[in-house]
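In what follows, a structure is listed as structure tokens, so that the remarks can point back to it.
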Amino acid sequence: MTGLDALLERYARRLARRSDRRGFLAKLGALVVGGAALPLLPIARGLAAAPDGKARPAEVDGPAGDPTSCEYWRHCAIDGFLCSCCGGSQTSCPPGTEMAPITWIGTCRNPADGKDYAIWYNDCCGRGFCGRCFCNRNEGDRPVYHPYRSNDINWCSGASTQVYHCSTALVIGLAEEGQPEK
Amino acid sequence: MLLAADGFRLGGDRGRDRASRRLSAARAPLRHRALAGALALAAALVGAGAARADVEPDEHGQVAVLPAQPGSHWVWVPDRVLRHAQLFDGDTGTMLGTLDGTAGNLSGPAPLFSPKRGEIYVVDPVYARGHRGERKDYVVIYDAVTLAVRGEVEIPPRSASIGHGYQLAAVLDDERFLVVFNQDPANSVSVVDLETRRFVEEIVIGGCALVYPTGGSQFGTLCGNGTAIEVELDASGHKQRATRSETFFDTVRDPLTEKGVRDGARWLFASFEGRLQAVDFSAEQPVAAPAWPLFTDAERGARWRIGGMQHLAFHRGTQRLYALVHQGGPGSHKDPGSAIWVYDVARRQRVQDIAVPGLLPAFARPILELPRGGWGEWLLRQVSPNPGAHSIAVTQDAHPLLFVRHGEIGALGVVDALSGALVREIDEIGISGPTLLVPPGP
């Protein structure tokens, strides 16, 4: 396989993996025909140092530790725009929006400690599509008749407005078991 | 005719004068007669061309209408970003019209057609101030010929907003009642009487989702405990019966995707692992038939799987099932398909493979302002990868077309559903959306 072929295949696979719903930024990516997407900074800012000196969770290098990356470890079942790219973070909504009170739950493995964590993907609501950092990963996702495992549902339906803006990824705690697929 | 001295002579007359002068010049020695004759003929032709009638002033205020009978190769293309659905003719590639949606709908509007009533219905969740304020939900009624609003029915402000936009509402076969799936997040169904244009009642379907018409005034729904329920409405639209099937699938280990396709009173669903599951709703209680595998062991070993947003299509006349497939692992059930495998459902055999058209060049060409058919487009087609497709839909006529869409690429592939040949690409169909809707034929 030539270098160009490999590049195009990699591009196509990335587009395929990340393209599902809400993702009109994929359109921009589609324009970069034969090109690569923007580089993702290898930073680890998911878990800040505790100011009181207590032990802090191990950090993760590379995209798996970058909350603005689709490859961020908590994003294994996310479907939407990453709030970390929209004026919020993986745990907070952008200004002016409202965090939906309920949502679906994923189970993601943290590469830093090898443990499975239950993740809430609370949507942020009240503004139109953020339009940045679209990400769709479906590990453990189930159809909408199984709502609390379904990332297709607009969980802003539980907020005061159904208008969807972006999605967060909050750790609830350690999961007792991994995803069904693992 | 105005005189030349007026300085205002019409072009056609001026052309004829020139022709006349040239005819005079033709009174020349014989050896020049042939040449002069040719010149005169050419001049006459030029004059005749210039004498064509002028473009008449246009009448102001004309608005196009659709034919009384929908075309058998029409398709609606909803767009979640542009918040509308547009109608295209697969035979010509032309766009025919638009219906709008609202900000409260995540997947774009899904127009539902009633041939008997000559109406199209769209579910609109509306906020008083656009993105905020009091929410009210409506079933908006459009005339199917003029696309003008004929009326609206207010329903409970709980209509579901779901990314895949599939089977969120349906016109039942009686064309009397329309049902809307609600999720707030509790699940229910709102019933609208299309005859009286009134909301009838909200039927609770706890633990179940989506609406699948099954005949008459009945619809089915899939449930989180691995069953299906069929609901029958009485003559006034109230729930008359709700019967549940036996448990027939595992919602965690090998769930059915909710993107089923209809064959009369039965629906065909595919599981994540590639089992085709028919559910028959013709009896009092829904009955699941034994499932059969879409993939051989070798194909499963090669990691072939179903996947996409609207990954199945079914042509009832030929009993051909079209399935978007790709090679991937668990969790790839929404990835776009790299191929379309065609099955004879009666024989339970794969009978054909259809290539997924690469839609990226058709999408990018107008954005890059490359001339159609030029070298730039040629180059684009050489270097563009094929990202596959998320959605397919097939028409139900004897010469069916298969429409193919990638959810994030604004171009539509139109494929001959029997031969598998690409008929055309339709560019500039929008930005993003998961579904395709083929209006039911007469």
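In what follows, chains carry the letters A, B, and so on, assigned in the order in which the sequence lines appear, proteins first and then strands, with residues in each chain numbered from 1.
- Interface remark: Ser391(B) contributes no atoms to any contact with chain A (heavy atom separation under 4.5 Å).
- Residue Pro157(B): no heavy atom, backbone or side chain, is found under 4.5 Å from chain A.
- Between chain A and the options Ser161(B), Ala103(B), Gly328(B), Ala209(B), heavy-atom pairs under 4.5 Å are most frequent for Ser161(B).
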Can you give each donor-acceptor pair under 3.5 Å made by side-chain atoms of residues 247-255 of chain B, sequence neighbours left out, with the distance rounded to 0.1 Å?
unit_1, atom_1, unit_2, atom_2, d
Asp250(B), OD1, Val252(B), N, 2.9
Asp250(B), OD1, Arg253(B), N, 2.9
Thr251(B), OG1, Gly224(B), O, 3.3
Asp254(B), OD1, Ser271(B), OG, 3.1
Asp254(B), OD1, Phe272(B), N, 3.3
Asp254(B), OD1, Glu273(B), N, 2.9
Asp254(B), OD2, Ser271(B), OG, 3.0
Asp254(B), OD2, Arg275(B), NE, 2.8

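- Not counting sequence neighbours, Glu428(B) has no partner by the salt bridge (charged side-chain N to carboxylate O under 4.0 Å, His left out) test.
- Residue Arg149(A) touches chain B through its side chain alone, counting heavy-atom pairs closer than 4.5 Å.
- Remark: the Ser190(B) side chain and the Asn182(B) side chain contain an N/O donor-acceptor pair separated by less than 3.5 Å.
- At a cut-off of 3.5 Å, with distance as the only test, no side-chain donor of His390(B) or Glu408(B) sits close to an acceptor on the other residue.
- Side-chain contact between Cys108(A) and Glu139(A) is absent, with no heavy atoms from C-beta onward closer than 4.5 Å.
- In this structure, chain A has a heavy atom under 4.5 Å from the side chain of Leu210(B), while its backbone stays farther away.
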